[in-house]
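Comments concern the structure below.
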Amino acid sequence: MSDLLAKHLSIGGIRNVLSLHVLLDYFDAKKLHQITDGTALAATMYQATGEATGSAGFVNITDLKGGKVGFSPQDSGGGVSATFVKTVEAIPYNISVIQISSILPSPEAEAPAPGPSQTNITALMSAHGCKVFAETLLANPAEQTFETNVESGLTIFCPGDDAMKGFMPKFKNLTADGKQSLLEFHGMPIYQTLQGLKSSNGLANTLATDGARRYDFTVQNDGTEVTIVTGVATAKITNTLVEEPPLAIYQVNKVLMPKELFKAALTPTPAPAPAPEADAPKSSKKKKHKSPPAPSDSPADSPDADADVADQTANGAVRFNAGGFGAVILCMWFAFLQL
């Protein structure tokens with residue numbers, strides 16, 4: 001592993017190299033030593049991703065003299081790059097984990113892919129109905145938070161223009177820290193597909209989550225739709241703008257208002273029933289009973305319609321939430337495939 005880490009590859013490069021170590025065929029010790037004609041060409045997960053060009057995602061397996069078996073990627077320039085050491089685990093014709101002597105080098109897999117940071121996320125949002133949110137983000141330090149999280153995985157929920165325009169008076173009343181936190185509340189520090197959001201309901205941390213500042217929301221299904229519940233507002237995903245690793249951007253129909261910055265309008269408590277009146281002495285003159293002022297007939301604002309700015313330093317406990325095919329996994333790299 002030290003050899004791989006010493007290359008200081010990008011996350012995309014490391015992912016490609018690791019995927020080169022997963023063969024899309026079953027090979028155990030017995031099959032390796034019984035290769036027809038002494039050599040075989042195996043496709044890898046790197047080839048299957050579509051990232052590899054030509055034959056760069058294939059690995060040559062050669063039965064060598066002295067009972068050895070060699071492995072070399074197609075684009076490694078020839079020669080044996082690594083040899084078979086031992087079988088770690090095998091479930092015949094399903095999956096086999098084998099140890100090899102060193103990493104498999106591949107100039108193409110190691111080459112830096114187009115950096116995700118080059119993706120102009122604000123331009124994408126502006127062009128697809130979230131221009132007001134994008135412009136607000138550009139004018140705030142939160143924009144840098146979004147940019148620095150793209151490479152490692154980022155999911156953004158951008159309010160549509162109508163929703164954001166209606167919210168701007170409340171936004172302007174927030175402190176500078178509150179404005180940044182609210183914008184960062186619209187991002188999750190992981191990449192999530194729409195299907196992934198549907199299948200992983202529950203609490204989720206955001207870019208605003210920091211120590212005792214929870215700033216989390218709940219993702220849940222509403223039939224076939226995905227909703228985001230903050231405790232103050234409930235927003236619905238209405239459109240997918242981008243859904244390609246490591247970035248996903250979804251449009252929502254409301255601004256996500258965190259409970260750390262806003263509180264729902266309280267529902268008026270019904271007035272207690274009047275106590276029975278005691279019998280009073282009869283008077284010769286009748287007096288008119290004066291009615292109490294009529295209660296306001298204005299309905300209480302709903303949490304989504306209105307919210308008051310709350311204590312922006314509210315503290316709380318932090319909550320962190322965070323396939324199947326026949327394959328050979330070269331065990332030195334299996335633990336890192338999730339990068």
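Please read all numbers here as calculations on a predicted model, not as lab measurements.
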Quiz item: So, do Asn239 and Val252 sit near enough that their side-chain heavy atoms are less than 4.5 Å apart?
Solution: no

Quiz item: Side chain of Thr206, backbone of Asp216: donor and acceptor closer than 3.5 Å?
Solution: no

Quiz item: If you round to the nearest 0.5 Å, how far is OG of Ser76 from CZ of Phe71?
Solution: 13.0 Å

Practice problem: Decide whether Glu89 and Ser96 meet the rule of one side-chain donor and one side-chain acceptor closer than 3.5 Å. | Solution: no

Quiz item: For Ile61 and Thr39, what are the C-alpha separation, side-chain angles and deciding distance, and is it a side chain to side chain contact (heavy atoms under 4.5 Å, CB included)?
Solution: CA-CA 6 Å; Ile61 305 174; Thr39 184; over 6 Å; no

Exercise. Measure the CG-CD1 distance between Asn205 and Ile190 for me, rounded to the nearest 0.5 Å.
Key: 9.0 Å

Quiz item: If only atom types and distance count, is the side chain of Ser55 paired as donor or acceptor with the main-chain N or O of Gln74 below 3.5 Å?
Solution: no

Quiz item: Can you tell me how far OG1 of Thr227 sits from CD1 of Ile237, rounded to the nearest 0.5 angstrom?
Solution: 8.5 Å

Self-check item: Pair Thr62-Asn60, side-chain donor/acceptor within less than 3.5 Å
Solution: no

Quiz item: Is there a side chain to side chain contact (heavy atoms under 4.5 Å, CB included) between Val226 and Phe157 once you walk through the steps?
Solution: CA-CA 12 Å; Val226 177; Phe157 302 97; over 6 Å; no

Quiz item: Taking the side chain from Asn120 and the backbone from Ala123, do they hold a donor-acceptor pair closer than 3.5 Å?
Solution: yes

Quiz prompt | Under-4.0 Å salt bridge between Asp63 and Lys31 | solution = no

Practice problem: Decide yes or no on side chain to side chain contact (heavy atoms under 4.5 Å, CB included) for Thr44 and His21, but give the supporting numbers first. | Solution: CA-CA 7 Å; Thr44 67; His21 290 72; over 6 Å; no

Self-check item: Short N-O contact, Asp162 and Lys254, less than 4.0 angstrom
Solution: no

Exercise. Look only at the side chain of Glu108 and the backbone of Ala52, and say whether a donor-acceptor pair between them is shorter than 3.5 Å.
Key: no

Quiz item: Taking the six-membered ring for Trp, are Phe217 and Phe185 ring centroids under 6.0 Å apart?
Solution: yes

Quiz item: Is the Phe84 ring parallel, tilted or perpendicular to the His33 ring (thresholds 30°, 60°)?
Solution: perpendicular

Self-check item: Separation between CG of Asp75 and CD of Glu110, rounded to the nearest 0.5 Å
Solution: 9.0 Å

Practice problem: Report yes or no: do Phe27 and Phe58 belong to one cluster of Ile/Leu/Val/Met/Phe/Trp/Tyr joined by side chain heavy-atom distances under 4.5 Å? | Solution: no

Self-check item: Approximate separation, where rounding is to 0.5 Å, of Phe171 CZ and Lys179 NZ
Solution: 5.5 Å

Practice problem: Inspect the surroundings of CD in Glu244 and state if more than 12 heavy atoms from other residues, nucleotides or ligands are less than 6.0 Å away. | Solution: no

Quiz item: So, Thr83 side chain and Lys68 main chain: donor-acceptor pair closer than 3.5 Å or not?
Solution: no

Quiz prompt | Donor-acceptor pair between Thr155 and Gln192 side chains, under 3.5 angstrom | solution = no

Self-check item: Pairwise distance OH(Tyr191) to CG(Leu247) - rounded to 0.5 angstrom
Solution: 8.5 Å

Quiz item: What do the steps show when you test Ile98 against Asp28 for side chain to side chain contact (heavy atoms under 4.5 Å, CB included), and what is the final call?
Solution: CA-CA 7 Å; Ile98 64 177; Asp28 56 14; 5.9 Å; no

Self-check item: Validation row, ring centre His186 to ring centre Phe133 under 6.0 Å
Solution: yes

Exercise. Verify the neighbour count for atom NZ of Lys131: are there more than 12 heavy atoms of other residues, nucleotides or ligands below 6.0 Å?
Key: no

